[in-house]
Student: 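Below is a structure I'd like to ask you about.
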Amino acid sequence: MRVMERTFREQLFFLVLCLSVLKGDSRYIENNEITKDELYSFFNSELKREIPEELMYRRPLRCLDMVAVEGQFTFTAERPQLSCAAFFMAEPNEVISVDYDSVDIDCIGGDFITVFDGWVMKGEKFPSTHDHPLPLFERYVDYCDSGSLRKSVRSSQNVAMVFFRIHSAGSSFTLTVRKHTNPFPCNVMSQSPEGSYTMVIPQQHRNCSFSIIYPVEISISEFSLGHYNHLPKRSMPGCAESGDFVQLLGGNGIDTSKLLPITDLCIAFTGPTHMKIGCDNTVVRMVSSGKFVNRVSFSYRLLDSQELQTIKLNNVEDFCFNN
């Protein structure tokens with residue numbers, strides 16, 4: 001268990017290091033002072049508890065930051081910071097609101113604060129443009145464009161981020177981050193390398209993805225598509241033609257449209273069905289025509305180093321190690 005926890009922490013730290021090459025809207029991360037211990041503290045269960053308003057968690061915001069707790073965060077520039085980003089994450093059944101409490105920046109001089117509905121990492125976006133309910137331009141909300149007209153921005157899923165650029169030392173802003181229950185979660189980025197989840201699309205024409213940014217074993221325990229409930233278990237080519245199907249995807253980015261398909265499922269069954277996927281990102285994606293109630297239940301766990309070595313010999317997952 002200690003080995004798995006250590007591996008999770010190492011991979012999480014590696015993820016944040018990868019953010020140093022973050023690219024979005026021509027904005028790049030440059031220098032930051034985040035430490036490994038500070039990053040891990042954001043995921044501490046003690047900090048994630050519900051906190052009354054008068055006891056709200058408060059701390060400075062860093063130029064490159066990862067936040068998994070509710071609270072109030074203040075960034076004050078000690079020097080020009082031209083390429084900064086803060087990544088926010090909530091539980092799978094939650095969305096995130098970002099409220100501007102106070103802002104003292106020079107919009108005319110080129111400063112900006114932009115909330116993005118999702119994550120951008122190495123030029124890729126989650127959720128992808130194919131799976132998000134809003135067009136891409138509506139997912140960027142710039143404070144300098146909207147000003148006091150829009151002091152609160154809410155995400156469509158359990159992740160969001162803020163890009164910001166500050167030219168003058170002493171300029172600052174304060175944000176309050178809150179989490180809200182989402183009764184119909186769709187696109188989810190998992191906080192943990194192990195857990196279970198049930199994805200349901202109730203007669204809605206939409207695509208939903210559950211993204212696990214670790215190499216894991218997926219166990220599908222239940223799979224039900226309204227138009228095939230009477231047929232036996234099997235996986236077959238040409239599922240996309242049915243309009244309702246589930247994909248297992250793998251790869252080393254976060255944009256589901258750029259991941260490689262491992263298998264498609266479009267025949268309902270009751271599991272379990274197991275599959276080990278040695279990619280940096282493993283995704284369960286459901287495509288729904290909106291004509292039926294579609295459902296898939298699955299659990300996942302982190303693969304250990306020995307399992308990863310074994311998977312390297314498997315031609316199906318070989319692309320995870322070569323890209």
Student: As a quick check of understanding, evaluate side chain to side chain contact (heavy atoms under 4.5 Å, CB included) for Val162 and Thr114, giving each step before the final call.
Tutor: CA-CA 6 Å; Val162 175; Thr114 300; over 6 Å; no
Student: Between Ser211 and Asn281, is any side-chain donor less than 3.5 angstrom from a side-chain acceptor?
Tutor: yes
Student: Side chain to side chain contact (heavy atoms under 4.5 Å, CB included), that's the test. Do His130 and Thr256 meet it? Break it down for me.
Tutor: CA-CA 9 Å; His130 300 285; Thr256 55; over 6 Å; no
Student: Using the side-chain hydrogen bond (donor to acceptor under 3.5 Å, both in side chains) definition, which of the options Lys125, Gln157, Arg154 pairs with Asp117?
Tutor: Gln157
Student: For the ring pair Phe173 and Tyr100, is the centre-to-centre distance below 6.0 Å?
Tutor: no
Student: Taking the side chain as every heavy atom from C-beta outward, state whether Val287 and Asp244 have any pair of such atoms under 4.5 Å apart.
Tutor: no
Student: Grouping I, L, V, M, F, W and Y whenever their side-chain heavy atoms are under 4.5 Å apart, do Leu134 and Val159 come out in a common cluster?
Tutor: no
Student: Closer than 3.5 angstrom, by distance alone: can the side chain of Arg285 be matched with the main-chain N or O of Ser209 as a donor-acceptor pair?
Tutor: no
Student: Side chains of Val284 and Val246: does their closest heavy-atom pair fall under 4.5 Å?
Tutor: yes
Student: Indicate, with yes or no, if the rings of Tyr300 and Tyr214 have centres closer together than 6.0 Å.
Tutor: no
Student: To the nearest 0.5 Å, tell me how far His132 NE2 sits from Ser128 OG.
Tutor: 10.0 Å
Student: Using only heavy-atom distances, determine whether the side chains of Ser196 and Ser299 contain a donor-acceptor pair under 3.5 Å.
Tutor: no
Student: Going through the checks in order, is the salt bridge (Lys or Arg N to Asp or Glu O under 4.0 Å) test met by Glu222 and Arg295?
Tutor: CA-CA 8 Å; Glu222 182 184 354; Arg295 175 189 182 98; 3.5 Å; yes
Student: So do the side chains of Asp65 and Arg59 get within less than 4.5 Å of each other, counting heavy atoms only?
Tutor: yes
Student: Let's go through Glu217 and Arg301 carefully: what are the C-alpha distance in whole Å and the side-chain angles of both, what is the deciding distance for salt bridge (Lys or Arg N to Asp or Glu O under 4.0 Å) to 0.1 Å, and is it a yes or a no?
Tutor: CA-CA 5 Å; Glu217 179 184 52; Arg301 66 168 184 85; 3.0 Å; yes
Student: With no hydrogens and no angle check, just 3.5 Å: does a side-chain donor-acceptor pair link Ser152 and Asp99?
Tutor: yes
Student: Taking the side chain as everything from C-beta on, heavy atoms only, tell me whether Cys186 gets closer than 4.5 Å to Arg206.
Tutor: yes
Student: For the ring pair Phe298 and Phe223, is the centre-to-centre distance below 6.0 Å?
Tutor: no
Student: May I have the step-by-step check of side chain to side chain contact (heavy atoms under 4.5 Å, CB included) for Met89 and Trp119, ending in yes or no?
Tutor: CA-CA 10 Å; Met89 175 177 280; Trp119 276 7; 3.4 Å; yes
Student: Testing the 3.5 Å rule here: is there a donor-acceptor pair between the side chains of Ser172 and Asp104?
Tutor: no
Student: With a 6.0 Å cut-off on ring centres, are Phe164 and Phe75 close enough?
Tutor: yes
Student: Considering only heavy atoms from C-beta outward, does the side chain of Met56 approach that of Glu70 to under 4.5 Å?
Tutor: no
